[in-house]
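These numbers come from a predicted model, not from an experiment. Numbers here are sequence positions counted from 1.
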Amino acid sequence: MKINFNSFSEGKSETIEFDSSFPSELFSPSHIIGVKACHSKAVITKLDEYLNVDLKVKYTAIVPCAYTLEEIEYTHTENEKFIFAYENDEENGIDPVGRDGYIDLDECVLDLIVATVPFNLHKKGATLPKGGDGYSVLTEDELNEERSKSSPFDALDELDLK
């Protein structure tokens with residue numbers, strides 16, 4: 001949803017609710033497969049040359065299980081405050097308004113979703129595989145113990161070098 005910076009009255013708050021949809025291509029190569037549903041509520045207040053946007057986003061993201069790679073749903077609600085101005089002042093957390101005076105709130109919503117979806121989600125009941133054909137899964141402690149038992153140079157003791 002795009003909003004016009006100049007259409008808001010000084011000192012008055014306005015509330016806008018909107019739904020967003022994002023094509024799954026936007027998330028490639030991200031840790032997110034797609035977004036199933038996304039509803040946002042923005043409370044917008046203009047103060048001087050700044051536009052304050054208090055954004056509340058409720059979304060359901062489709063993500064891969066860290067153990068099985070099966071698709072699972074992750075539902076979350078996040079709040080974030082954005083400040084926009086015509087002058088670019090990213091050092092102080094103020095985002096620039098587009099050249100045409102419009103602000104794309106969908107970009108803010110998308111950034112918020114990508115930033116808040118955890119990387120390591122697990123499907124209920126999923127367990128880490130123990131091993132398979134030609135591989136085994138070890139904890140860090142098990143790996144260190146196995147490394148201390150043998151050295152790759154032990155094979156040199158069996159060679160006849162005379």
Side-chain angles (χ1 to χ4, degrees), residues 1-3 13-45 51-85 88-98 102-159:
M1 162 166 240
K2 286 191 173 191
I3 58 173
S13 293
E14 292 185 39
T15 302
I16 299 172
E17 292 193 39
F18 59 98
D19 293 318
S20 303
S21 61
F22 305 102
S24 56
E25 295 83 32
L26 279 178
F27 299 102
S28 181
S30 171
H31 60 292
I32 301 170
I33 297 170
V35 173
K36 183 176 179 181
C38 180
H39 182 76
S40 303
K41 180 179 179 180
V43 178
I44 303 165
T45 309
L51 196 66
N52 295 327
V53 179
D54 289 317
L55 192 61
K56 181 178 182 179
V57 179
K58 182 175 183 178
Y59 63 89
T60 301
I62 309 298
V63 297
C65 172
Y67 291 162
T68 64
L69 298 180
E70 294 178 58
E71 293 183 1
I72 57 175
E73 292 184 1
Y74 173 74
T75 301
H76 185 68
T77 301
E78 190 69 35
N79 298 305
E80 186 68 39
K81 185 174 190 166
F82 294 91
I83 302 172
F84 295 93
N88 190 1
D89 190 4
E90 291 178 16
E91 185 176 300
N92 291 320
I94 298 173
D95 297 306
V97 175
Y102 283 87
I103 300 164
D104 189 356
L105 292 180
D106 285 332
E107 286 181 14
C108 298
V109 170
L110 180 63
D111 290 345
L112 193 58
I113 291 172
V114 171
T116 57
V117 173
F119 281 88
N120 199 6
L121 291 172
H122 308 265
K123 184 178 177 181
K124 232 178 208 175
T127 58
L128 188 63
K130 299 294 180 201
D133 188 22
Y135 75 96
S136 62
V137 179
L138 304 174
T139 65
E140 187 174 354
D141 293 335
E142 292 170 335
L143 178 63
N144 289 335
E145 183 180 321
E146 194 170 299
R147 283 182 178 165
S148 67
K149 287 181 186 176
S150 65
S151 166
F153 297 106
D154 290 344
L156 295 175
D157 293 336
E158 299 171 13
L159 294 175

>> One pair to check against side chain to side chain contact (heavy atoms under 4.5 Å, CB included): Phe18 and Asp106. What are the steps and the verdict?
In response: CA-CA 9 Å; Phe18 59 98; Asp106 285 332; 3.7 Å; yes
> Passes side chain to side chain contact (heavy atoms under 4.5 Å, CB included), Tyr59 versus Val109? Steps please.
Replying inline: CA-CA 10 Å; Tyr59 63 89; Val109 170; over 6 Å; no
> Given Leu55 and Cys108, is the side chain to side chain contact (heavy atoms under 4.5 Å, CB included) satisfied, shown in steps?
Replying inline: CA-CA 9 Å; Leu55 192 61; Cys108 298; 4.0 Å; yes
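Take Thr68 and apply the side chain to side chain donor-acceptor pair (under 3.5 Å) test, not counting sequence neighbours, and it matches Glu70. Take Glu73 and apply the salt bridge (charged side-chain N to carboxylate O under 4.0 Å, His left out) test, not counting sequence neighbours, and it matches Lys36. Applying the ring pair (Phe, Tyr, Trp, His ring centres under 6.0 Å) criterion to Tyr74, with sequence neighbours excluded, gives His76. Remark: Thr75 pairs with Thr60 by the side chain to side chain donor-acceptor pair (under 3.5 Å) rule, at least two apart or across chains. For Lys149, the salt bridge (charged side-chain N to carboxylate O under 4.0 Å, His left out) partners at least two apart in sequence or on another chain are Glu145. Applying the ring pair (Phe, Tyr, Trp, His ring centres under 6.0 Å) rule to His122 yields the partners Tyr67; only residues at least two apart in sequence or on another chain are considered.
For Val63 against His31, the heavy-atom pair with the smallest separation is CG1-O, 3.9 Å. When all heavy atoms of Val114 and Ile32 are compared, the pair lying nearest together is CA-CD1, 3.9 Å. In terms of heavy-atom proximity, Thr116 sits nearest to Leu112 at OG1-O, 2.8 Å.
Contact annotation: the side chain of Asp54 never approaches that of Asn79 to less than 4.5 Å [non-hydrogen atoms, C-beta and beyond]. Residues Ile113 and Cys38 are in side-chain contact: their nearest non-hydrogen atoms beyond the backbone lie under 4.5 Å apart. Side-chain contact between Ser24 and Ile33: absent, with no pair of heavy atoms (C-beta onward) separated by less than 4.5 Å. Looking at heavy atoms from C-beta onward, Leu51 lies in side-chain contact with Ile3 at the 4.5 angstrom threshold.
Residue His39 holds its NE2 atom at 9.5 Å from OG of Ser20, rounded to the nearest 0.5 Å. Atom NZ in Lys41 sits 7.0 Å away from atom NZ in Lys56 (nearest 0.5 Å). We find the CZ-CG distance between Phe82 and Asp111 to be 6.5 Å, quoted to the nearest 0.5 Å.
Within a 6.0 Å sphere centred on CD of Glu140, heavy atoms belonging to other residues, nucleotides or ligands number 12 at most. Applying the 6.0 Å contact sphere to CD of Glu142 captures more than 12 heavy atoms from other residues, nucleotides or ligands.
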